[in-house]
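Presented below is the structure to which this report refers.
Quick note on labels: first sequence line is chain A, next is B, and so on, each numbered from 1.
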Protein chains: 4
Amino acid sequence: MSVNKVILVGRLGRDPETRYMPSGDAVTNFSIATDEQWRDRNGERQTRTEWHNITLFGKLGEIASQYLRKGSQVFIEGRIQSRKYSGKDGIERTAYDIIGSEMKMLGSRNDTGAAGGSYDQMGGGADYAQGGNFSQGGYDAAPAASSPPPAAPRRQAPRPAPAPAPIDDIDDDIPF
Amino acid sequence: MSVNKVILVGRLGRDPETRYMPSGDAVTNFSIATDEQWRDRNGERQTRTEWHNITLFGKLGEIASQYLRKGSQVFIEGRIQSRKYSGKDGIERTAYDIIGSEMKMLGSRNDTGAAGGSYDQMGGGADYAQGGNFSQGGYDAAPAASSPPPAAPRRQAPRPAPAPAPIDDIDDDIPF
Amino acid sequence: MSVNKVILVGRLGRDPETRYMPSGDAVTNFSIATDEQWRDRNGERQTRTEWHNITLFGKLGEIASQYLRKGSQVFIEGRIQSRKYSGKDGIERTAYDIIGSEMKMLGSRNDTGAAGGSYDQMGGGADYAQGGNFSQGGYDAAPAASSPPPAAPRRQAPRPAPAPAPIDDIDDDIPF
Amino acid sequence: MSVNKVILVGRLGRDPETRYMPSGDAVTNFSIATDEQWRDRNGERQTRTEWHNITLFGKLGEIASQYLRKGSQVFIEGRIQSRKYSGKDGIERTAYDIIGSEMKMLGSRNDTGAAGGSYDQMGGGADYAQGGNFSQGGYDAAPAASSPPPAAPRRQAPRPAPAPAPIDDIDDDIPF
DNA sequence: TTTT
DNA sequence: TTTT
């Protein structure tokens, strides 16, 4: 028995990137920033930005890739998962990822962070939840990617990637 | 605008440790485990344990130190915060901590994970919320500890530590 | 785009009750208490108990019925949903339910709140997540029950109920 | 020991309203909508809107009143609290409110849901957390308002209300 | 009563 | 690397 839950609202530092596993499974990554502001003991305003590596599997990630862009504001629900990797210096490190199970695009309307035309199709803000096969564990479904961002950027899959699912293909799964 | 929220329920891998800053501020650390179980493609049961480094400031941490023990089940609410540190190999790494703002002791009653006598005084489970001064940021209040657990254990403060606040001292702040 | 999320940890006021819809779908209900304590302006300790009506559909509810008992401590994640009903006085009222999508049994080990023998099979605490067909909406799957607890107790289904799924039947879906 | 936590993202149905208690404490109310969409058994798209009554005490509410408007998208974190009231028909009913402890204005930038000039001062999105005195309980601090929305709209305080805190007054408490 |  |  345990609970491992993360809820984030932040903006993407870059466009999402989707890779495809040999199995054909999609893995999408992007980072979002969250900010804290407080006053220190001297009354000085301090600020601190935290960057979170987000990993979305399957269609959830493909939709993120389609509709989210650098600067987009997004709600992510997921879990914390650590991952060991070796950088090019050969040193082993541990990165942590947020494995997302839900994503909601925020802002909408005339928010410039959103993708243009197809965004309208999304009805100006979209929710999507992780489907069944990836939901438990996900570890098996997410074979050790070579390296994490920012200290350890993931390599893009060099193999010919299957085309992203057409919008019609996933229509049934988008709850709107 | 952003949200950085973590909710964990898990068990402590060890007793909490409280250090005192030169300012007198208490910093308490412990790790809790969360587990995932799923079936892989071959129908084999897989399990994975994630260890989360928890940091609690001030009285919240002192109460954790008083009442939580290795094996205690606890609810933690907080935020993700990364921290750079250099191990004894001189290599810089990044650890992530959960800076807790709320803690609830779970199980209670006859659960062996709880501390003995004084636990009864707690009425079989206790809640405590982070007070004001540490709540925003907390960065200023948490000068870079040298290293995180388990990959990067924090060093204990070598200086004579003030005695933990007596139960009566904090009585007013425990909401029961 | 919206988020409607509830996270509760509390204890059951009574054993869960499972009804079966004409379609065969199971609907399980129980209430859990959460408590707040605070000091009023006069420094007097105040306490307040809130009772939450929980509704779990399908197997998630059947497992709750099997393993949870009055006094059990449970973690529930779900959403708020209001429901109109007419009491026996003919007056229409609105109740609110928490439609659970995840349940985790807390405490475990020697906690008396847990069900006996089969509880061991659960490995001392169990997680279960709502399957696919009920997850979106659920409204359609939850035809207006007549009345909520405690102010508006639901009526039990009078029809012969199918036996609860045997543990083996659901084994595949329990993540352990 | 218990947890009663709600996380909502939705849009305001109307401008917030702030009343002042005889004690001078501010109580701010508004409703936000969350939506669900799903497909029923016949494959028909269904939608359902849930309206949540939000109550914010003190400065948190005053800031909401200043910056949120009908249509604004907002993140609210809080707890569920039920409240008995008697409508003009003399019948007692129970309403539920979300007592907010945190609020984050979403969207920002060129989102039309935001208040104009002073919004810029907020830096395009603002976070605010409930201060100390209202945080525990809040019940004592929130004397039974006469009636809830929508079935039971609260009456506005008839007494001369103190002016909302000027922006400079609260500057210290806004974390930016 | 919001929004798309 | 976002945003204000």
Side-chain angles (χ1 to χ4, degrees), chain A residues 8-17 29-37 45 47-54 67-74 76 104-114 118-127 148-151 153 174-176, chain B residues 1-4, chain C residues 1-4, chain D residues 8-17 29-37 45 47-54 67-74 76 104-114 118-127 148-151 153 174-176:
Chain A
L8 300 173
V9 175
R11 289 184 187 274
L12 279 75
R14 288 200 197 176
D15 290 1
E17 295 186 341
N29 293 103
F30 54 88
S31 304
I32 66 175
T34 59
D35 292 289
E36 292 178 275
Q37 297 87 4
R45 227 170 239 170
T47 185
R48 179 191 161 99
T49 298
E50 191 72 42
W51 285 97
H52 308 267
N53 301 320
I54 311 295
Y67 295 105
L68 296 178
R69 290 292 169 266
K70 173 177 171 174
S72 295
Q73 189 180 40
V74 70
I76 295 285
K104 316 250 171 165
M105 300 161 62
L106 302 179
S108 85
R109 291 204 286 201
N110 45 0
D111 194 311
T112 55
S118 44
Y119 186 76
D120 277 323
Q121 273 187 269
M122 295 294 286
D127 310 348
I174 305 184
F176 59 61
Chain B
M1 191 331 289
S2 58
V3 174
N4 175 354
Chain C
M1 192 331 289
S2 58
V3 174
N4 174 356
Chain D
L8 300 172
V9 174
R11 289 185 187 274
L12 279 75
R14 287 201 198 176
D15 290 0
E17 294 185 342
N29 293 103
F30 54 90
S31 304
I32 65 175
T34 59
D35 292 291
E36 291 179 276
Q37 298 87 6
R45 228 170 239 170
T47 186
R48 179 192 161 96
T49 297
E50 192 72 43
W51 285 97
H52 308 267
N53 300 321
I54 311 295
Y67 295 105
L68 295 178
R69 289 294 170 264
K70 172 177 171 174
S72 295
Q73 190 180 39
V74 71
I76 295 284
K104 315 249 169 166
M105 300 160 62
L106 300 181
S108 84
R109 292 204 284 199
N110 45 0
D111 193 313
T112 55
S118 42
Y119 187 76
D120 277 324
Q121 274 188 268
M122 294 294 285
D127 310 348
I174 305 183
F176 59 64

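- Atoms CD (Q73(D)) and P (dT1(E)) sit 21 Å apart, rounded to a whole Å.
- Among I54(A), L68(A), N53(A), the one residue that satisfies the side-chain contact (heavy atoms from CB on, under 4.5 Å) test with I32(A) is I54(A).
- Rounded to whole angstrom, the span from the CG atom of D35(A) across to the P atom of dT1(F) amounts to 15 Å.
- Distances were taken from every side-chain heavy atom of W51(D) (C-beta onward) to each of dT1(F), dT2(F), dT2(E); the shortest belongs to dT2(E).
- Qualifying side chain to side chain donor-acceptor pair (under 3.5 Å) partners for T49(D), counting only residues two or more places apart in sequence or in other chains: D35(D).
- With distances taken from any side-chain atom of T49(A) to the nucleotides dT3(E), dT2(F), dT1(E), the minimum falls on dT2(F).
- The distance from atom CD of E36(D) to atom C1' of dT3(E) is 15 Å, rounded to the nearest whole Å.
- Nearest to the side chain of R11(D), among dT3(E), dT1(F), dT3(F), sits dT3(E).
- Per the geometry, CD belonging to Q37(D) stands 10 Å off C1' belonging to dT3(E), to the nearest Å.
- Remark: P of dT2(F) and CG of D15(A) are 12 Å apart, rounded to the nearest angstrom.
- In this structure, R48(A) places its CZ atom 18 Å from P of dT2(F), rounding to the nearest Å.
- Judged purely by atom type and a 3.5 angstrom limit, Q73(D) uses its side chain to pair as donor or acceptor with the backbone of G107(A).
- Panel note: side chain K70(A), backbone D15(A); no donor-acceptor pair is recorded below 3.5 Å.
- Atom-to-atom, NZ of K70(A) to C1' of dT3(F) comes out at 11 Å; the value is rounded to the nearest Å.
- One atom, CZ of F30(D), and another, C1' of dT1(E), lie 13 Å apart when rounded to the nearest Å.
- Side-chain proximity of S31(D) to dT2(F), dT2(E), dT1(E): nearest is dT1(E).
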